[in-house]
Amino acid sequence: MIPPTASKSPLPHRKTESRDRSPAPTMDPRAPSPVHQLIVPQKYIETRTPSPKDKIDTTEHNCKYHSHHLDYKYTPPPVKGPCGACGQYIVGSLVTALDQMWHPECFTCTNCDTILKPHKYVVEDDKPYCKDCHLRLFGPPCNVCKKPTQSNRYNLLNRIWHPECFCCVECGKRLTPDNFVERLGSPYCMEDYHRLFSPKCCVCHLPIKDKAINALGKMWHPQCFKCTHCGIPLEERNFYEKNGLPYCEKDYMDLFHPKCYGCKKPITDGRQMIAMGHPWHPECFRCTVCVKPLTPETFKEYQGKPYCEKDYHNLFSPKCAGCTKPITDVSFNY
Ligand SMILES: [Zn+2]
Ligand SMILES: [Zn+2]
Ligand SMILES: [Zn+2]
Ligand SMILES: [Zn+2]
Ligand SMILES: [Zn+2]
Ligand SMILES: [Zn+2]
Ligand SMILES: [Zn+2]
Ligand SMILES: [Zn+2]
């Protein structure tokens, strides 16, 4: 918006009410110069707050000969107020703040009387203060409610808090400096922190607050990481897995390894021998009489037990009526 200049419109017009723009000099000698203390008839005094609608209507000045200026009658300059500090009416620059109008030089810090600039002051109890005085008198502002913290404040997470404003961002419960958990700069109560961010146990589905066991691609409470068969607690690095489930060594061997037909213990190292339709530890496959080690090719079976050839014939082959030795190949029955 271009304000009318003195040369274009030599008569007093309504000035803009922006406090930053001082009134253009009045060329008309009949017009009074603006002063603070002006005796003005009450009907000319505007007491309303200036609004953006108070623009200068420039259309009337686009006419070619300014003919309407010929029947000019004096109109006093606009007067605003009263000033929120001195109570007198305002002509020219003014400050609008705290729902009042002020002479710029009257709008000062309540504490130190420094003239306050727009946006460079803080309001407390409906009174304006410079930022320094406000900080000194009322303390730094709480980062939550923005109100001053006086002397009672927490300085936590690089911010200032009223004790009553230091609350869990999830449930709103009040927190204390020694009982909260931080996550991405926000405070949480323990329950919400663990509920939201802690790993969940794959057995009981509750949050794991302390030590977690990471096994079989899942997270476990130590007390939930147990042998699937007998239930004894397992260690993270000492368990056996079958079909995604943990087992203690004994149960794993018992349940999932073949058992030796001789000693009845599981065969865990893969060195198993099949003989007589059963698995054996190689060292367990021995002659029932002389305990000499046997191989699947060199043994004789009698009633489910292995024997070396010599003992088998001694025990079970017919004996020679002449020499009493066992007859091991062709026998003659005369
Ligand atoms: Zn004043
Ligand atoms: Zn001050
Ligand atoms: Zn607060
Ligand atoms: Zn909470
Ligand atoms: Zn659990
Ligand atoms: Zn077990
Ligand atoms: Zn064995
Ligand atoms: Zn033998």
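Order of appearance sets the numbers: ligands from 1, and atoms from 1 within every ligand. Excluded from the calculations below are hydrogen atoms, water molecules and symmetry mates; all remaining heavy atoms, backbone and side chain alike, are included. One is the number of the first residue; the rest follow in order along the sequence.
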So the angle subtended at the Zn ion (ligand 1) by Cys86 atom SG and Cys83 atom SG, rounded to 10 degrees, is 110°
Would a 4.5 Å heavy-atom cut-off, applied to side chains only, mark Ile267 and His257 as touching? no
Leu255 versus Lys242: any side-chain heavy-atom pair under 4.5 Å? no
I'd like to know: is the Zn ion (ligand 5) within the 2.8 Å range of an N/O/S atom from His205, strictly under that distance? no
With respect to the Zn ion (ligand 5), please indicate if Cys201 possesses an N, O or S atom at a distance under 2.8 Å. yes
Compute the centroid of each ring, for Phe166 and then for Phe180, and state whether the two points are separated by less than 6.0 Å. yes
Among the N, O or S atoms of His221, which one sits nearest to the Zn ion (ligand 5)? ND1
Taking the Zn ion (ligand 6) as the apex, OD2 on Asp251 and SG on Cys227 give an angle, to 10°, of 110°
Test of geometry: compute the angle SG(Cys248)-the Zn ion (ligand 6)-SG(Cys230) and round it to 10°. 120°
Report the atom name of the nearest N/O/S atom of His103 relative to the Zn ion (ligand 1). ND1
Are side-chain heavy atoms of Phe299 and Met276 found at a separation under 4.5 Å? yes
Which label fits Phe225 and Trp220: parallel for a plane angle under 30°, tilted from 30 to 60°, or perpendicular past 60°? perpendicular
Is the closest basic N to carboxylate O distance between Arg183 and Glu170 below 4.0 Å? no
How wide is the angle at the Zn ion (ligand 5) between SG in Cys224 and SG in Cys204, to the nearest 10°? 120°
